Amino acid sequence: MFGDPEKITAVARRDPRTPFPHIDGITQYTFHYANELLATSLDDVWAWPGEGAEKDLYIKWRVEGLDGMAQGTIGWPSYPERTPSTLEFTTKQSPNQWYRPQWNGVWFPDAFQGTMAQLLRAVETDSEPEIGGRDNLRSLALVDACYKSIAEQRTVALTEIESQYSAYTFEGGMQP
């Protein structure tokens with residue numbers, strides 16, 4: 001939606017109640033863009049200290065630009081309960097207003113119906129999918145940058161990660 005960020009900062013901690021080793025039980029990450037846009041997410045699907053405390057599982061996000069901001073939640077942590085995600089935004093183009101659209105669909109599994117149908121259509125027609133492997137490689141590079149930021153406890157420039165994908169070019173989109 002906003003293009004590719006230039007830098008990524010991520011922090012995480014494990015959930016001490018889980019019996020398996022992991023580093024990403026609770027995460028926060030911020031994408032830094034050249035135009036000063038910041039996009040951040042707080043993912044805490046483990047938020048529950050244990051018996052006697054209330055649960056507060058969530059994935060919250062916020063985007064702040066120079067002309068407006070948006071924030072919301074992803075309803076997935078309530079799965080299998082169908083909980084729609086939320087979105088609210090405000091912009092200088094419509095001063096002093098918050099917009100709060102609503103829908104009945106939920107991120108999981110509804111969000112995958114369209115992309116899977118489109119993929120099957122691309123296979124059927126022998127065409128390139130709208131969201132193909134090249135775009136997904138960019139997403140993987142962003143995930144790699146988050147893990148590098150967590151491991152090294154610093155902000156990571158996306159250019160540091162691009163070399164790991166040496167068989168592809170990031171100019172104008174991923175190309176084999």
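Source: prediction; values computed, not measured.
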Peer 1: Assess whether atom CD of Glu152 is packed by more than 12 heavy atoms of other residues, nucleotides or ligands within 6.0 Å.
Peer 2: yes
Peer 1: Could you identify which residues cluster with Leu66, counting Ile, Leu, Val, Met, Phe, Trp and Tyr as linked when any side-chain heavy atoms lie under 4.5 Å apart, either directly or through a chain of such contacts?
Peer 2: none
Peer 1: Would one find more than 12 heavy atoms of other residues, nucleotides or ligands at under 6.0 Å from atom CD of Glu36?
Peer 2: no
Peer 1: Just checking, any donor-acceptor pair under 3.5 angstrom between side chains of Gln28 and Ser41?
Peer 2: no
Peer 1: Using a 4.5 Å cut-off between side-chain heavy atoms of Ile, Leu, Val, Met, Phe, Trp and Tyr, which other residues end up in the same hydrophobic cluster as Tyr147?
Peer 2: Ile23, Val143, Ile150
Peer 1: Without swapping roles, check the side chain of Thr40 against the backbone of Tyr29 for a donor-acceptor pair under 3.5 Å.
Peer 2: yes
Peer 1: What do the steps show when you test Ile161 against Lys148 for side-chain contact (heavy atoms from CB on, under 4.5 Å), and what is the final call?
Peer 2: CA-CA 9 Å; Ile161 303 302; Lys148 183 177 182 97; 3.7 Å; yes
Peer 1: Any chance you could measure Thr27, atom OG1, to Arg13, atom CZ, to the nearest 0.5 Å?
Peer 2: 11.5 Å
Peer 1: Does a side-chain heavy-atom distance below 4.5 Å link Glu88 with Gln71?
Peer 2: yes
Peer 1: Under a 4.5 Å cut-off applied to non-hydrogen side-chain atoms, are Leu87 and Trp103 in contact?
Peer 2: yes
Peer 1: Would you say Ser85's side chain and Gly75's backbone share a donor-acceptor pair under 3.5 angstrom?
Peer 2: yes
Peer 1: Could you list the residues that satisfy salt bridge (charged side-chain N to carboxylate O under 4.0 Å, His left out) with Arg62, not counting sequence neighbours?
Peer 2: Glu64
Peer 1: Which residues, ordered by chain and number, are linked to Leu38 in its hydrophobic cluster, where ILVMFWY side chains connect at heavy-atom gaps below 4.5 Å, directly or through other members?
Peer 2: none
Peer 1: Rounded at 0.5 Å granularity, tell me how far CG in Asp126 sits from CD in Glu124.
Peer 2: 11.0 Å
Peer 1: Report the C-alpha distance between Val63 and Met69 in whole Å, list the side-chain angles of each, state the deciding distance to 0.1 Å, and finish with yes or no for side-chain contact (heavy atoms from CB on, under 4.5 Å).
Peer 2: CA-CA 5 Å; Val63 176; Met69 68 180 110; over 6 Å; no
Peer 1: Are Phe20 and Arg14 close enough that some pair of their side-chain heavy atoms sits under 4.5 Å apart?
Peer 2: no
Peer 1: Transitive ILVMFWY cluster of Val11 at side-chain heavy atoms under 4.5 Å: who else is in it?
Peer 2: none
Peer 1: State, with a plain yes or no, whether a side-chain heavy atom of Ile8 is found less than 4.5 Å away from one of Leu142.
Peer 2: yes
Peer 1: Could you measure the distance from the CD1 atom of Ile74 to the NZ atom of Lys60? Nearest 0.5 Å is fine.
Peer 2: 13.0 Å
Peer 1: Under 3.5 Å, is there a donor-acceptor pair between the side chain of Gln118 and the main chain of Glu130?
Peer 2: yes
Peer 1: Take Thr9 and Phe31 through the test side-chain contact (heavy atoms from CB on, under 4.5 Å) and record every step on the way to the result.
Peer 2: CA-CA 7 Å; Thr9 307; Phe31 289 178; over 6 Å; no
Peer 1: With the threshold set at 4.0 Å, does a side-chain nitrogen-carboxylate oxygen contact exist between Lys7 and Glu160?
Peer 2: no
Peer 1: Could you tell me whether a side-chain N or O of Ser149 sits under 3.5 Å from a main-chain N or O of Ala145, the two making a donor and an acceptor?
Peer 2: no
Peer 1: Contact between Tyr33 and Asp4 at the side-chain level, heavy atoms closer than 4.5 Å - yes or no?
Peer 2: no
Peer 1: Starting at CD1 of Ile59, measure out to CG of Asp44 and round the result to the nearest 0.5 Å.
Peer 2: 9.5 Å
Peer 1: Shortest non-hydrogen contact from Gly105 to Arg82?
Peer 2: CA-NH2, 4.4 Å
Peer 1: Run the ring-ring contact (aromatic ring centres under 6.0 Å, His included) test against Phe89 and tell me which residues pass, sequence neighbours left out.
Peer 2: Tyr99
Peer 1: Val106, Tyr58: one ILVMFWY side-chain cluster at the under-4.5 Å cut-off?
Peer 2: no
Peer 1: Please indicate whether Asn35 has more than 12 foreign heavy atoms, meaning atoms of other residues, nucleotides or ligands, lying under 6.0 Å from its CG.
Peer 2: yes
Peer 1: Just by modelled atom types, is the Thr91 backbone N or O under 3.5 Å from a matching donor or acceptor in the Ser94 side chain?
Peer 2: no
